[in-house]
Every structure is written in structure tokens, then in C-alpha cells.
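Below is one structure, written out as C-alpha cells, with a few remarks after it.
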Amino acid sequence: MWSPPSIRLVAFAFCFIGSVCSDTHNAYCDNSHADNWPQASGPNANWKVPGKAPIHWSVVKDKNIQWLMSLPEGGQSSVTVWEDKAFLTTHKPIHSAAEIDLSTDIVGYCIELDSGKIQWTVELPGAVAVGTAGVFSDATVFAPVTDGEHVWFFNRSGSIGCYDMQGHQAWLREYTPRNRHTNRQCEPILIDGQILVVEVLDKEAATELKRHAGLPENVDPKSVWTYLHSLDAATGKVRWVEPIGTVIHNTPMIGRRSNGDWAVLHARGGPHKPLETPYGFSLTSLASGDPGTTIWSTEIPNLNPMLNNHWDSKHAYAFAGEYHLILDANTGQVLSRQSLRRNVDLWSHVADSDSRKLQRGVDLPGKKPRLDTYHTNIVVGDWHYFLAHDRNAIGRVSLQTSKVEYLDLPYQLSVTDDGSRTEIWDAREIIPSIPVNVRGISLVKDKRSTGSGWGHVSAASPILVGDYLYFPMMSGTVYVIDTQAAEFSEKAIAAINDLGPAGKTWTLSSLSYANQRLYARTANEVICIAD
């Protein structure tokens with residue numbers, strides 16, 4: 001039996017929040033490397049790395065595209081990168097429309113980075129079908145993780161497999177997931193010889209749950225909650241389970257506390273009355289002496305847990321209703337609340353132009369409690385960025401002054417074969433994106449999966465490379481934002497790029513970065529982007 005290294009979140013020097021970094025908001029160190037992207041959230045487990053990535057590209061115009069690899073089936077996982085290899089997952093081949101709601105098994109791929117050729121594949125079985133190309137999830141949703149010696153593939157429908165770098169299986173763990181809601185953003189985390197995942201506690205009892213149905217009388221409610229589980233990376237066995245509960249809508253994130261100990265921030269709450277209560281945040285210890293124990297747990301009414309849990313040694317950040325919250329990372333106490341709707345600065349689009357005009361101190365219209373497109377939030381320096389929910393705009397809130405700003409963006413970019421570019425500003429003119437596999441079969445039934453990617457969707461998380469933010473949208477449009485721009489106007493929009501033709505491109509995958517290259521994944525292709 002092989003043994004994982006003592007702390008192989010990545011194989012190179014790993015710097016994180018807290019005692020090592022002087023900047024408590026930028027949660028990566030300037031001397032950390034970006035040679036590899038070993039999991040969904042990158043080498044620093046926070047979606048942020050230093051480096052220099054391409055800013056301008058176009059798949060349609062074949063601009064700055066090093067290679068494209070056609071995929072034999074659809075899927076959602078982002079691309080994991082280690083040295084000369086990339087890893088991702090797809091569904092097993094689907095041959096009829098009747099199969100899209102029945103697909104449970106997936107395929108894990110190892111791809112040669114320089115050529116985009118498949119080196120080997122493995123199959124992972126599933127137990128509970130969740131459909132394909134869902135706007136919130138499917139069986140392929142989780143990115144693989146790797147430490148350079150082994151790679152772990154995840155089937156949301158009910159299995160986890162560990163393989164060496166040649167594709168030989170070390171172990172396979174099969175289980176029955178809870179058939180109530182689906183989880184897109186509980187991305188697995190590899191740290192200290194363990195993998196953190198979110199699973200239902202009593203998997204047999206969970207089979208009694210039906211979607212949108214009540215809890216059976218013979219089932220203990222807490223037994224069918226979902227919790228953070230620590231799995232031994234070498235064996236797949238459960239090491240510990242945290243006792244508070246973690247909703248599947250949330251993205252737990254690890255970091256260092258002010259005393260240098262590792263911990264993980266996770267949350268409860270969200271739509272469709274999740275079982276895990278009360279709504280709020282919890283910080284769970286990953287320290288060697290008391291792993292899995294609760295450091296603090298704070299109830300937060302109206303918490304929107306469909307976000308990435310960015311935090312540092314001093315503060316944690318959240319959205320609740322129309323408010324942005326700052327919490328004390330040591331105690332969980334809520335320190336401040338700032339409305340994201342009232343008295344904001346708005347750079348609004350001027351009709352029939354490429355410009356915006358500044359409106360100061362305005363109130364955004366609408367009464368919806370959620371103001372962010374789910375999982376598009378990221379903390380950069382003294383700002384917390386996010387894509388708006390019911391307005392096509394990127395927002396940010398100052399962590400120092402609580403100032404809130406919005407910058408209008410087009411809903412979608414359309415690039416034609418002759419190179420002409422059209423920015424679509426009218427929601428009625430959005431070109432629906434319908435993912436179709438290589439056999440011409442549509443992979444969706446839910447109409448929400450054919451939209452632009454704004455609003456009610458578990459969207460791809462943005463990444464930060466150097467000073468630039470990359471926001472990929474379901475339609476294949478990618479916004480690149482300069483976080484160092486002098487003002488939050490159109491000057492902050494570094495580029496708007498495409499991952500393929502509008503209406504024929506679909507993705508819910510975050511970008512990955514390694515060695516000055518970006519890697520994108522659509523339902524049909526893997527794309528290597530390089531200057």
C-alpha cells in the first residue's frame with residue numbers, strides 16, 4: 001500500500017493565508033508557483049495564482065489557440081493539470097435521448113498536454129442518475145485532484161477512484177449519494193494525505209429521500225444531512241466526519257488561521273429548504289490534534305451559501321439576502337453588513353455604444369433577495385468581486401470602506417466565422433446554447449441550461465492569474481477583468497473572449513492555468529490557450 005506525502009496539496013512549495021503571507025486578502029504568496037493546477041481551485045486552493053496568462057483569444061477565429069481536443073461525450077469537470085498531463089471526466093457515451101436522465105457511469109481521462117491526445121482512460125460506476133448537462137450539476141461535475149503521484153476521479157453519482165499516473169487503480173470507493181438536490185460546487189480538496197468531500201451521513205437511509213418530498217417518519221433527520229467527510233487519500237476510508245453539517249450548495253475552502261493551523265470554512269442554507277440547519281457558517285479544524293472538530297459555528301438568517309467561501313486569517317466573507325457580510329475569522333462574529341442594492345455606484349451601459357456612464361449613489365431596482373450569480377465571487381486585494389444575479393453586471397464591494405460598485409457587461413459575445421464581433425446587450429437577443437454530443441444528441445432537458453449563464457445557475461468559479469480575473473459563462477463567453485485598472489469603468493474590461501461559436505458552445509467549467517497557458521473545457525472540447 002502506498003503512503004501519501006505528509007502534505008501534498010501540491011508538490012512544490014505551498015504558501016497560503018496567514019502567517020506566511022503579509023497580504024491577508026490576497027490569499028496566495030508571490031513566491032508560490034503556478035506550474036501545475038492540481039485541483040479545481042488551483043495550487044493555492046483559493047482559485048488564485050501569480051503568473052501571466054493570455055488575455056485575448058478566440059476559438060472561432062483560431063487566435064491564440066494552441067490546440068483543441070474533441071471529446072467523445074459531454075461533461076462538466078474543469079481541467080486538472082500536472083506537468084505534462086491533464087485530467088478531466090465525461091459521461092460514458094450516450095446513444096439516445098432516453099439515456100440523458102439515466103446516465104450514471106463516467107469516464108476519467110489522462111491527456112497529453114503538448115498534443116491534446118488521450119493517454120489512458122478509466123471508468124467509474126455510479127448508483128444515482130442526476131441527468132446530464134444540468135444547470136446545477138451532473139455526474140461529471142467534480143474536477144479530478146492529483147499530487148503528481150496519483151490522481152483521484154470523482155463520480156457525483158456514487159464513486160471515487162484513485163489511480164497512479166499510468167492509470168492503474170489503487171482503490172475504488174462506491175457509495176450511494178443522497179437523491180435530494182445535486183451538488184456542483186462542493187469540489188473535493190486534497191490536503192495532508194486526506195481528501196475533503198461532502199456526503200450524506202447514512203447512505204442507506206438517504207435512499208428513502210425523494211426529491212421535493214418530506215422526510216420519512218422512520219429516518220433520523222440528521223442522519224441524512226450532508227457533512228464534510230475526510231477520506232484517507234491512500235485507502236479511501238473515512239477518517240472523520242464534522243458534526244455540524246454542510247449544505248451541498250456551498251463551496252468549502254481551506255486556509256490557515258491566525259495561529260497557523262489549517263481549517264476549512266463551510267456553510268448551511270440555500271434554496272428548496274435544505275435539511276441542514278440552522279443557516280450559517282462553520283469553521284472546522286484540520287489541525288493534527290483535533291481534526292474534524294468545530295472551532296465556531298454562527299447562525300446567519302437568509303445566508304446565501306451558493307458561494308465560494310473566501311476567507312483569511314482575520315476575516316470571512318458572505319452574502320445574506322441583499323447584504324454583504326464580513327465575519328471575524330477567529331470567532332465567527334458578524335462584524336459588518338453592507339447593502340449590495342442601495343446607494344451603489346453604477347457604470348451603466350449607454351445604448352447603441354461601447355461606453356458606460358457613471359451613476360453615483362443609486363438604488364438598484366428589484367426585490368429579489370439574491371444579488372449574485374452563484375459561485376462567481378472571489379476576493380482580490382481589498383475587493384470582493386461577483387457577477388450580479390438580475391443585472392448583467394460585475395459587482396464589487398470594498399472590504400475597507402464598504403463601497404459597492406457595478407459595471408455593466410454584455411450578456412453574451414457572438415463571433416462569426418468572418419471575424420465580426422457582436423456584443424449582445426438585450427436579454428431577448430441571447431443566443432441559446434444547447435450542448436450536443438458528437439452523435440448529435442442534445443444533452444439537456446432543463447431550459448435553464450440553455451441560457452446565457454447569468455442568474456439562477458451554479459456557474460463556473462472565476463480564477464485570478466496575476467492581476468486578471470477570468471469569468472467563463474455558460475454560453476462560452478469569457479470576461480477578463482483588470483483588477484488594477486484606475487477606475488471600475490469599461491477601462492477595467494481587459495477583454496471579452498469566446499470559447500466557440502455562440503449557440504454551439506456550452507460550459508460550466510472553470511478555467512485552469514499552468515505555465516502561462518489557460519485550459520478551458522466545454523461540453524464538446526478541451527481547449528489549450530497560449531499566446
Side-chain angles (χ1 to χ4, degrees), residues 33-40 42-43 47-90 108-121 143-144 146 148 151 165 413 415-419 421 438 460-473 475-481 494-502 504-531:
H33 302 287
D35 299 330
N36 300 308
W37 194 271
Q39 58 188 335
W47 314 90
K48 298 181 280 191
V49 290
K52 182 179 180 181
I55 296 174
H56 301 276
W57 73 83
S58 171
V59 170
V60 175
K61 297 167 63 176
D62 194 24
K63 176 183 178 181
N64 289 338
I65 304 301
Q66 182 162 335
W67 52 258
L68 292 171
M69 172 197 162
S70 179
L71 291 170
E73 192 48 80
Q76 295 190 12
S77 75
S78 57
V79 180
T80 297
V81 177
W82 193 275
E83 295 181 350
D84 61 346
K85 295 179 175 62
F87 305 95
L88 72 150
T89 57
T90 73
Y109 291 79
C110 175
I111 300 169
E112 184 180 74
L113 276 185
D114 287 337
S115 65
K117 295 181 179 178
I118 298 172
Q119 291 189 333
W120 50 261
T121 64
T146 182
V151 57
M165 300 302 268
L413 172 69
V415 181
T416 57
D417 292 338
D418 63 5
R421 292 166 52 95
V438 294
S461 298
I463 68 170
L464 176 76
V465 182
D467 293 329
Y468 293 91
L469 276 172
Y470 296 79
F471 288 89
M473 304 299 290
S475 65
T477 297
V478 180
Y479 307 103
V480 185
I481 304 298
I496 303 177
N497 303 312
D498 71 85
L499 295 177
K504 298 181 180 179
T505 306
W506 190 94
T507 181
L508 279 179
S509 306
S510 297
L511 300 184
S512 307
Y513 169 81
N515 292 317
Q516 299 186 338
R517 299 175 180 177
L518 290 170
Y519 297 92
R521 186 264 176 84
T522 68
N524 303 103
E525 295 175 323
V526 180
I527 305 164
C528 177
I529 303 167
D531 288 327

message = Nearest 0.5 angstrom please: L71 CG to I111 CD1, how far?
response = 6.5 Å
query = Can you list the residues that meet the salt bridge (Lys or Arg N to Asp or Glu O under 4.0 Å) rule with D114, with sequence neighbours excluded?
reply = R517
request  = For residues 506-515, pull every pair meeting salt bridge (charged side-chain N to carboxylate O under 4.0 Å, His left out), keeping only residues two or more places apart or in separate chains.
outcome  = none
task = Check whether any side-chain heavy atom of Y109 lies under 4.5 Å from a side-chain heavy atom of P72, and answer yes or no.
result = yes
query = Going by heavy atoms in the side chains, are L499 and W506 under 4.5 Å from each other?
reply = no
query = Are the side chains of N497 and K63 in touch, meaning some heavy atoms are under 4.5 Å apart?
reply = no
message = Using side chain to side chain contact (heavy atoms under 4.5 Å, CB included), reason through T505 and D498 one step at a time and then give a plain yes or no.
response = CA-CA 9 Å; T505 306; D498 71 85; over 6 Å; no
task = May I ask you to test the I529-I65 pair for a side-chain heavy-atom distance under 4.5 Å?
result = yes
query = Hey, mind stepping through D417 and V60 against side chain to side chain contact (heavy atoms under 4.5 Å, CB included) and telling me if it holds?
reply = CA-CA 6 Å; D417 292 338; V60 175; 3.9 Å; yes
message = Any non-hydrogen side-chain atom of P38 less than 4.5 Å from a side-chain atom of W82?
response = yes
message = Contact between F87 and M165 at the side-chain level, heavy atoms closer than 4.5 Å - yes or no?
response = yes
S509 side chain near V79 side chain, heavy-atom distance below 4.5 Å = no
ask   = Do F471 and I481 have side chains that get closer than 4.5 Å, going by heavy atoms?
value = yes
remark   = Here the side chain to side chain donor-acceptor pair (under 3.5 Å) pairs for residues 521-531, sequence neighbours left out, are N64-D531, S77-R521
remark   = Contacts of A502 meeting side chain to side chain contact (heavy atoms under 4.5 Å, CB included) (sequence neighbours excluded), chain-then-number -> Q412, S414, I431
message = Quick test of your reading: applying salt bridge (charged side-chain N to carboxylate O under 4.0 Å, His left out), list the pairs with at least one residue in residues 52-62, sequence neighbours left out, ordered by first then second residue.
response = none
query = side chain to side chain contact (heavy atoms under 4.5 Å, CB included) between I527 and W57: does it pass, once the steps are laid out?
reply = CA-CA 11 Å; I527 305 164; W57 73 83; over 6 Å; no
remark   = Those residues at least two apart in sequence (or on a different chain) that pass side chain to side chain contact (heavy atoms under 4.5 Å, CB included) with Q119 are K85, C110, E112
request  = Heavy atoms only: give me the nearest V59-G500 pair and the separation to one decimal.
outcome  = CB-N, 3.7 Å
